[in-house]
Amino acid sequence: VPETQIYAGACRAQCGQGCYLNVHVRDGRVVRTTAGHFDDGPEFDRICPKGLVQPARVYSAERLQYPMRRVGERGSGEFERISWDQAMDEIAARMEESKEKYGPTACSFYSFTGNQSKLAMQSATRFAGCYGATTWDIEGIMGDHGASMGMKMVYGVIRGAHDTRDYEQNSNMIVIWGRNLADTHTSELRYIVRARERGAKIVYIDPRFSSTATIADQWIPIRPGGDSALGLGMMNWIIANDRHDKEFLSKHSCGSLLVRDDDGKYLRGEGDCYMVWDPAQNKAVPADTEGVEAPIEGAFEADGVAVKPAFVHLKERAAEYTLERASELSGVPTDVIETFAREYSEAKPAGIRMGQGMQRTYNSYQSFRTVATLAAVAGYVGVRGGGASHAGGTKANKPVPGETAPEFLYDEWANTGENTANMVKSSLIYQCAVEHDPVRCDFIWFNVSNFLNQSPDAHRIIDEVFFAAYAGDELLRGDD
């Protein structure tokens with residue numbers, strides 16, 4: 001039997017965890033993978049089914065291993081094999097042609113999550129930097145910036161969150177909202193299971209009965225896009241039943257900041273500072289004034305200007321979402337919403353882990369904004385076992401030189417010479433391909449991405465983006 005050698009490796013499946021793997025090699029072929037060992041602790045010695053099947057992925061008969069050039073009509077599936085030299089020559093010539101006509105930014109490089117290793121995921125984007133080309137910011141996955149926008153509006157950061165191990169030790173309720181952990185972030189699931197064994201209640205919110213639903217104490221099927229309505233219905237019930245954390249909202253949120261009645265903007269003081277109401281002095285004072293017990297409700301007059309604390313406005317808007325209206329919009333029965341709101345407010349603490357499922361609708365930032373605010377109203381922000389987290393709380397490792405997390409950054413890789421990449425939000429890629437605005441898109445390199453299957457609004461890609469690309473291609477080649 002040939003000798004088996006073991007090399008250090010990492011799983012680069014789509015979850016982004018990057019688990020350390022032992023790669024077993026025999027006769028120059030990978031034969032298996034096993035969990036590697038970290039001295040930091042046994043909880044990091046892990047491997048899930050995605051990691052176990054990496055050898056099959058490497059040697060799959062469906063894996064493309066050499067360049068293929070289309071020879072038939074688009075959609076015919078007719079391709080021929082060409083050499084690597086020929087492929088590189090043709091691509092380079094096409095890039096130079098676009099560059100000569102429209103400048104280097106007309107060439108763009110789109111990297112996605114098919115392989116999250118540094119070389120596979122980031123090399124094309126580094127190429128864009130060296131060439132002075134355009135690259136696409138995939139923050140939020142697929143250019144869906146809803147989660148990042150909503151979280152930043154409430155917490156000031158795009159991925160503020162709790163470590164999953166915190167839930168295991170400290171949460172009395174864990175709400176998994178639009179996130180199929182069991183199948184997509186398997187390495188985290190153990191902590192949820194252990195928390196449940198400790199006595200924490202697991203609530204799973206998802207239109208589908210997925211694998212994660214099978215380990216939950218309660219599955220709440222929700223109408224797609226109904227997340228904001230459910231969150232506001234819960235918020236209204238909590239406030240109406242006097243279960244909101246007034247001290248937290250006064251001291252650690254914008255709830256006590258005064259808002260002008262005349263224009264709906266924050267009242268500003270000297271130096272443009274925010275203002276709160278000081279009951280002791282019966283006047284508005286700067287929000288950072290020591291010893292002020294600022295109220296979150298009431299109506300006041302500051303130098304002739306009618307004002308109210310910001311929380312009053314939240315309370316008024318939340319009041320519009322009665323149990324009946326929240327149920328109508330979310331598809332969740334009224335008794336389920338009421339019980340859920342009561343148990344959530346009584347858990348002390350409860351943690352919420354949100355996922356990409358909440359982000360697959362128009363205006364999805366409102367859903368993340370609402371649920372993040374719900375956690376603040378309950379007083380669960382900044383406490384162990386609480387919070388409202390998105391995507392595990394990890395900072396996105398963007399495939400952009402100079403923007404990656406520190407442990408992946410080194411000078412040689414980040415150095416792209418005199419040129420830099422022209423970064424554009426990937427949510428604009430369709431517009432750029434069809435309308436050439438705000439940047440002309442004459443050449444696109446799709447890297448580790450099945451663009452049609454992985455991107456939002458597939459009909460628009462087929463009917464507009466690919467049509468524009470087809471028309472441009474035929475025009476370029478002079479075909480009739």
Side-chain angles (χ1 to χ4, degrees), residues 68-79 87 90-114 121 124-125 127-129 131-149 224-225 356 359-366 396 398-400 419-480:
M68 301 285 287
R69 181 176 58 188
R70 179 173 60 84
V71 294
E73 293 294 323
R74 284 186 184 272
S76 66
E78 297 179 29
F79 291 84
E90 291 189 13
I91 292 170
R94 184 63 175 81
M95 288 178 61
E96 287 292 280
E97 186 173 358
S98 295
K99 179 179 179 180
E100 183 177 351
K101 286 184 176 181
Y102 310 112
T105 58
C107 299
S108 66
F109 293 76
Y110 183 94
S111 288
F112 206 55
T113 57
M121 190 177 188
T125 310
F127 186 8
Y131 197 72
T134 295
T135 190
W136 307 92
D137 184 356
I138 64 167
E139 166 56 29
I141 304 296
M142 306 175 200
D144 289 346
H145 297 256
S148 304
M149 183 188 301
Q356 298 300 108
Q359 197 166 245
R360 298 294 178 259
T361 61
Y362 286 112
N363 298 316
S364 60
Y365 77 96
Q366 292 285 28
K398 299 180 184 180
V400 181
N419 294 324
T420 58
N422 174 42
M423 173 71 77
V424 179
K425 292 188 298 184
S426 57
S427 55
L428 297 175
I429 191 171
Y430 305 165
Q431 180 177 315
C432 292
V434 177
E435 303 173 14
H436 303 304
D437 178 56
V439 64
R440 187 175 189 90
C441 192
D442 193 59
F443 170 96
I444 305 179
W445 176 310
F446 290 114
N447 182 54
V448 291
S449 168
N450 186 345
F451 185 71
L452 176 59
N453 286 347
Q454 289 185 292
S455 302
D457 202 348
H459 288 293
R460 187 180 181 191
I461 298 175
I462 296 170
D463 297 338
E464 296 183 30
V465 177
F466 284 179
F467 179 81
Y470 175 76
D473 182 52
E474 297 307 309
L475 181 62
L476 174 70
R477 298 178 185 279
D479 296 337
D480 295 331

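Taking each heavy atom of F446 and I429 in turn, the nearest pair found is CE2-CD1, 4.5 Å. Of all the heavy atoms in S111 and N447, the pair that sits closest is OG-ND2, 3.0 Å. Counting all heavy atoms, side chain and backbone alike, G72 lies closest to R70 at O-NH1, 2.7 Å. In this structure, D457 and Y430 approach most closely via the heavy-atom pair CB-CE1, 4.4 Å. Shown here for A133 and C107, the closest heavy-atom pair between the two residues is CB-O, 3.0 Å.
Residues M423 and T125 fail the side-chain proximity criterion, which asks for heavy atoms closer than 4.5 Å. Within the 4.5 Å cutoff, the side chain of E96 has no heavy atoms near those of the F443 side chain. Counting only heavy atoms from C-beta outward, the side chains of C441 and T134 never approach each other to under 4.5 Å. Contact of the N419 side chain with the P104 side chain is not registered, since no non-hydrogen atoms from C-beta on lie closer than 4.5 Å. For the pair T113 and M121, the minimum side-chain heavy-atom distance is below 4.5 Å. Side-chain atoms of H436 and Y102, non-hydrogen and from C-beta on, never get closer than 4.5 Å to each other.
Within the 3.5 Å criterion, the main-chain N or O of F109 finds a donor-acceptor partner in the side chain of T135. Between the side chain of E464 and the backbone N or O of R460, no donor-acceptor pair lies under 3.5 Å. Under the 3.5 Å distance criterion, the side-chain polar atoms of S364 are left unmatched by any main-chain donor or acceptor of R360. Counting only distance, with no hydrogens or angles, the side chain of S426 and the backbone of D137 share a donor-acceptor pair below 3.5 Å.
Put simply, CG on L452 and CZ on F466 are 5.0 Å apart, with the number rounded to the nearest 0.5 Å. Atom CD1 of I444 sits about 6.5 Å away from atom CH2 of W136, to the nearest 0.5 Å. The distance from the CE atom of M68 to the CD atom of E78 is 11.0 Å, given to the nearest 0.5 Å.
Using cut-offs of 30° and 60° on the angle between ring planes, the pair W445 and F127 is perpendicular.
Under the side chain to side chain donor-acceptor pair (under 3.5 Å) criterion, D437 pairs with Q431, not counting sequence neighbours. In terms of the side chain to side chain donor-acceptor pair (under 3.5 Å) criterion, residue partners of R69 (sequence neighbours excluded) are, by chain and number, E80, E90.
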